[in-house]
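First up is the structure itself, then whatever we jot down about it.
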Amino acid sequence: MRSVIISCLIGLLMGALPSVAQSTSKGTITWLVWELSPEFIRSGPKAGQGFADQFLTRFKQQLPEYEHRVVWTSIRRFHREALRPGRCTPHIWGHFYPDQFAYTKPYFLTPPHVAIFQKRYEKQFGPPSTILSLVDLLAKEKLVLMTPKQFKNQHRYPVLHPYLKPYLSSDQVKQMPHSANEVDLRLIERGRADFSLGYPTTIQAQMLDRGISNNFVAYGLKEHQAYKEIHVGCFGDRQGRDVVAKLNAQQTPEMLNHFLELYEKWNNGHPLFRQAFTEKILAPKE
């Protein structure tokens with residue numbers, strides 16, 4: 001009889017083990033990232049060394065209680081994945097799905113977009129310090145712009161969208177047939193369009209990770225002088241809100257300054273970005 005009782009007790013304990021293991025297992029954060037040099041670099045000699053790649057490494061270290069999974073996405077796949085439990089993205093503007101996402105306090109900035117041309121356009125527009133008008137480039141110069149594919153109402157260039165909207169169905173705006181998040185400047189070299197939009201870091205980054213020639217010039221745009229705030233964004237379920245709260249609690253001046261240093265390796269320490277970062281991110285909030 002005693003052996004029967006012991007066997008039953010062992011059976012009950014063994015049956016309980018899976019539930020105990022399950023209750024103590026870690027939750028999982030699936031981080032959605034995309035190829036966009038020099039934020040995230042997927043391949044080549046600089047793979048994993050993008051500045052946002054390194055931001056993500058820091059965030060994962062701050063959240064040891066979770067398992068971490070990284071998924072590379074196109075624009076289309078990002079929007080398909082983003083509204084699922086456990087999804088976060090480490091480097092995103094705050095206007096995406098505002099009613100369904102939870103966002104951290106802003107921790108970084110993106111600089112104003114620039115127009116990128118081959119250097120032969122310097123004869124037409126002057127030195128890189130010249131500020132151009134996107135409206136004039138499209139309406140007066142009749143130039144052709146290549147952009148990433150727009151997904152529904154989620155605009156790749158939200159500040160510039162009102163100026164682009166009249167041309168989105170015309171031959172002057174070529175949306176790439178695939179869902180990459182940036183324009184490969186080799187397409188501009190091949191004459192697929194006259195110019196594209198990017199960041200002040202785009203040319204240098206693509207020279208390093210794609211081997212494009214040093215044959216491009218970037219011009220600031222009159223219609224876009226805004227520095228946009230960057231957050232960690234998570235699907236707004238309980239886990240997502242908890243992740244956001246934990247990251248907010250660990251946001252320190254030391255971390256923010258470290259992130260600035262990582263970025264400045266790619267923009268050659270541009271003083272206007274540092275000034276904007278100091279005013280909008282580091283300055284004490286009232």
Give me the ring orientation class for [X] and [Y]: parallel if the planes are under 30° apart, tilted from 30 to 60°, perpendicular past 60°.
X    : Y    : result
W93  : F96  : parallel
Y121 : F117 : tilted
Y97  : F101 : tilted
H113 : H224 : tilted

Say whether, by atom type as modelled, one donor and one acceptor occur between the side chain of [X] and the main chain of [Y] under 3.5 angstrom.
X    : Y    : result
D53  : F40  : no
R241 : G236 : yes
H270 : L272 : yes
H91  : F51  : no
T73  : L32  : no
E35  : A180 : no

Legend entry - Check: F259 ring centre within less than 6.0 Å of Y263 ring centre: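 Centroid separation for F259 and Y263: 6.0 Å or greater.
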Legend entry - Ring centre gap for Y199 and F273 strictly below 6.0 Å: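 No, too far apart.
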Inset, instruction - Would you please test W34 and F78 for ring pair (Phe, Tyr, Trp, His ring centres under 6.0 Å) and show each step? - result: CA-CA 8 Å; W34 45 81; F78 171 81; 5.5 Å; yes
Inset, instruction - Could you pull out all residues at least two apart from H161 that satisfy side chain to side chain contact (heavy atoms under 4.5 Å, CB included)? - result: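 For H161, the residues satisfying side chain to side chain contact (heavy atoms under 4.5 Å, CB included) (neighbours in sequence not counted) are Q150, H155, K165, L168.
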Legend entry - Residues clustering with M146 (ILVMFWY side chains joined when closer than 4.5 Å, directly or via others):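 In the cluster with M146 are V114, I116, M176, V183, L185, L187, I188, I203, M207, I212, F216.
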Inset, instruction - Kindly state each residue pair satisfying salt bridge (Lys or Arg N to Asp or Glu O under 4.0 Å) with at least one member in residues 244-267, sequence neighbours excluded. - result: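 Output for this query lists R58-E254, E65-K246, E264-R274.
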Inset, instruction - Indicate whether the side chain of T202 and that of E182 have a donor and an acceptor atom separated by less than 3.5 Å. - result: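 The criterion, which ignores hydrogens and geometry beyond distance, is not satisfied for E182 and T202.
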Inset, instruction - For the pair R69 and E81, find out whether any cationic side-chain nitrogen is under 4.0 Å from an anionic carboxylate oxygen. - result: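 No salt bridge links R69 with E81.
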